[in-house]
Visitor: 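Okay, here's the structure, questions in a sec.
In the text below, chain A, chain B and the rest are named by the order of the sequence lines, each starting its count at 1.
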2 protein chains.
Amino acid sequence: MQKNKKRQIKKSRQILLDNNIPITKPRMLVLGILLKNEGPLKVEDIIKLSRGKLAVSSMYRIINNLKNLNLINEFQTLENTKMIELADVKDEHHHHIFCESCGAVYDFEVDSHIEKELEKEIIKIKSKYDIIVKSHSLELLGLCKTCRDK
Amino acid sequence: MQKNKKRQIKKSRQILLDNNIPITKPRMLVLGILLKNEGPLKVEDIIKLSRGKLAVSSMYRIINNLKNLNLINEFQTLENTKMIELADVKDEHHHHIFCESCGAVYDFEVDSHIEKELEKEIIKIKSKYDIIVKSHSLELLGLCKTCRDK
DNA sequence: TATTATTTGAGAATGATTCTCATTCCTGAA
DNA sequence: TTCAGGAATGAGAATCATTCTCAAATAATA
Ligand SMILES: [Mn+2]
Ligand SMILES: [Mn+2]
Ligand SMILES: [Zn+2]
Ligand SMILES: [Zn+2]
């Protein structure tokens with residue numbers, strides 16, 4: 001576990017170095033939290049997980065920071081709560097499923113062949129709408145097992 | 001044009017009747033605005049288009065009203081502004097493309113065969129994640145012609 | 001038209017996010 | 001290693017969207 005933590009610290013530092021922004025305690029803290037919890041987090045969660053070591057205003061500033069560097073994805077839950085997660089590294093790409101009853105969010109990937117198919121289709125859109133498509137997001141809405149069993 | 005307006009009024013009234021909620025001036029007004037502008041609107045736009053004939057609080061109440069009846073879709077722009085549009089009627093189904101530069105939002109439909117393909121793929125998700133998928137949303141991010149030309 | 005429950009309007013209250021600015025912290029040069 | 005200058009942070013005020021409250025207006029119904 002200690003090993004893991006060290007690796008995360010190294011990784012956080014590297015991310016900041018790669019992006020030419022100063023290595024500060026608050027930024028290391030936020031990255032550490034995002035690295036440790038791979039799923040998406042609510043702003044509120046990040047605040048809690050930082051256990052008073054981070055001002056709320058700083059947290060928002062840092063998140064916007066990272067967002068501008070395309071280091072994090074942001075999306076909204078069904079109740080319009082903002083959620084944050086580390087961005088996909090190149091190649092990799094994932095989507096989200098929401099349970100419409102309990103609001104849980106799950107990551108998922110589609111088979112690469114359908115992702116390819118999808119992308120082919122998306123490229124056609126350029127000609128139809130005269131828009132060059134840069135990225136896409138697919139979200140599913142459903143009912144998780146726990147909620148179904150109730 | 002007058003003809004069109006009358007048709008819209010009739011349609012708005014019918015929507016309210018179908019859903020068993022009282023036909024009131026504010027509700028007719030909001031539905032009229034949503035019917036007239038088929039694209040998605042910001043809350044702010046609806047307020048403007050109602051030209052002082054509608055209290056802000058009422059507008060929010062009515063929107064939530066219609067949302068609970070599944071009569072409208074809601075989504076967020078890139079800048080996290082809420083947008084609203086009349087929901088797809090059965091069968092029909094559409095998606096959105098955002099221009100990441102100017103923020104414009106366009107509706108689009110994917111060819112039915114890929115939509116089918118997509119849905120097939122989505123069904124598999126049930127077994128993988130043990131979630132029954134009810135609906136999906138696909139959003140594209142790109143660059144529109146006007147922005148490209150600049 | 002009169003009755004009654006529902007809806008509306010106005011503005012207060014709330015909650016999330018941004019802003020401000022004095023203080024603290026990084027970093028690179030000496 | 002120390003230090004100076006510029007950038008980042010913390011605390012709380014300000015802003016903005018949305019919800020809440022409740023008295024007054026309105027719609028459905030007979
Ligand atoms: Mn995710
Ligand atoms: Mn649309
Ligand atoms: Zn659930
Ligand atoms: Zn554009």
Visitor: Mind listing the residues from residues 58-74 of chain A sitting with a heavy atom below 4.0 Å of DNA chain C? Number order is fine.
Guide: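 Heavy-atom cutoff 4.0 Å gives Tyr60(A), Asn64(A).
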Visitor: Could you list the residues that satisfy side chain to side chain donor-acceptor pair (under 3.5 Å) with Asn37(A), not counting sequence neighbours?
Guide: none
Visitor: Does Phe108(A) have its ring centroid less than 6.0 Å away from the ring centroid of His96(A)?
Guide: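 They do not qualify: ring centres at least 6.0 Å apart.
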Visitor: dG15(C) C1' sits how many Å from Lys82(A) NZ, rounded?
Guide: 13 Å
Visitor: Under the rule for salt bridge (Lys or Arg N to Asp or Glu O under 4.0 Å), what residues qualify as partners of Lys10(A), not counting sequence neighbours?
Guide: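 By the salt bridge (Lys or Arg N to Asp or Glu O under 4.0 Å) rule, Lys10(A) matches no residue at all.
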Visitor: I'd like to know if Leu86(A) and Met59(A) are part of one continuous hydrophobic network [Ile/Leu/Val/Met/Phe/Trp/Tyr, side-chain heavy atoms within less than 4.5 Å].
Guide: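 Linked, Met59(A) and Leu86(A) end up in one cluster.
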Visitor: Give me the residues of residues 20-34 of chain A where at least one heavy atom lies under 4.0 Å from an atom of DNA chain D, by number, or none.
Guide: Pro22(A), Thr24(A), Pro26(A), Arg27(A)
Visitor: Do side-chain atoms of Ser12(A) reach the backbone of Gln8(A) as a donor and acceptor pair under 3.5 angstrom?
Guide: yes
Visitor: Once you round it to whole Å, what is the distance between P of dG28(C) and CG of Leu17(A)?
Guide: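 Value for this atom pair: 10 Å.
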Visitor: Expressed as a whole number of angstroms, how long is the span from Lys48(A):NZ to dA16(C):P?
Guide: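 The distance from NZ of Lys48(A) to P of dA16(C) comes to 11 Å, rounded to the nearest Å.
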Visitor: Are Tyr106(A) and Phe98(A) grouped together when hydrophobic residues (ILVMFWY) are joined by side-chain heavy atoms under 4.5 angstrom apart?
Guide: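 No: no chain of side-chain contacts under 4.5 Å links Tyr106(A) to Phe98(A).
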Visitor: Check salt bridge (Lys or Arg N to Asp or Glu O under 4.0 Å) between Lys67(B) and all other residues, then give those that pass, not counting sequence neighbours.
Guide: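 Per chain and number, Lys67(B) pairs via salt bridge (Lys or Arg N to Asp or Glu O under 4.0 Å) with Glu74(B).
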Visitor: I'd like to check the salt bridge (Lys or Arg N to Asp or Glu O under 4.0 Å) partners of Asp18(A); sequence neighbours left out, ordered by chain and number.
Guide: none
Visitor: Is there a side-chain contact between Leu143(A) and Cys99(A) in this structure, where contact means two heavy atoms from C-beta onward sitting under 4.5 Å apart?
Guide: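 Yes, close enough: below the 4.5 Å cut-off.
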Visitor: Going 5' to 3' along DNA chain D, between which two nucleotides do contacts with chain B fall, using a heavy-atom cut-off of 4.0 Å?
Guide: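 From 5' to 3', the first and last contacting nucleotides are dA17(D) to dA28(D).
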Visitor: Measure from CG on Asn80(A) to P on dA16(C) and round the result to the nearest Å.
Guide: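 One finds 12 Å between P of dA16(C) and CG of Asn80(A), rounded.
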Visitor: How large an angle, rounded to 10°, do the end axes of the helix from dT1(C)-dA30(D) to dA30(C)-dT1(D) enclose when each is built from five base pairs?
Guide: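 Both end axes considered, the difference amounts to 40°.
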Visitor: What pairs meet the ring pair (Phe, Tyr, Trp, His ring centres under 6.0 Å) rule with one or both residues in residues 130-150 of chain A, with sequence neighbours excluded?
Guide: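 Matches after skipping sequence neighbours: His93(A)-His136(A), His95(A)-His136(A).
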Visitor: Pairs of donor and acceptor atoms involving the side chains of residues 39-48 of chain A, under 3.5 Å and at least two apart or interchain, shall be tabulated with distances.
Guide:
unit_1, atom_1, unit_2, atom_2, d
Glu44(A), OE2, Lys48(A), NZ, 3.2
Asp45(A), OD2, Lys42(A), N, 2.9

Visitor: Side-chain donor-acceptor contacts of residues 21-35 of chain B below 3.5 Å, not counting sequence neighbours, with atom names and distances?
Guide:
unit_1, atom_1, unit_2, atom_2, d
Thr24(B), OG1, Arg27(B), N, 3.3
Arg27(B), NE, Pro22(B), O, 3.2
Arg27(B), NH1, Asn65(B), OD1, 2.7
Arg27(B), NH2, Pro22(B), O, 3.4

Visitor: Taking salt bridge (Lys or Arg N to Asp or Glu O under 4.0 Å) as the definition, give me every residue that meets it alongside Glu109(B), ordered by chain and number, with sequence neighbours left out.
Guide: none
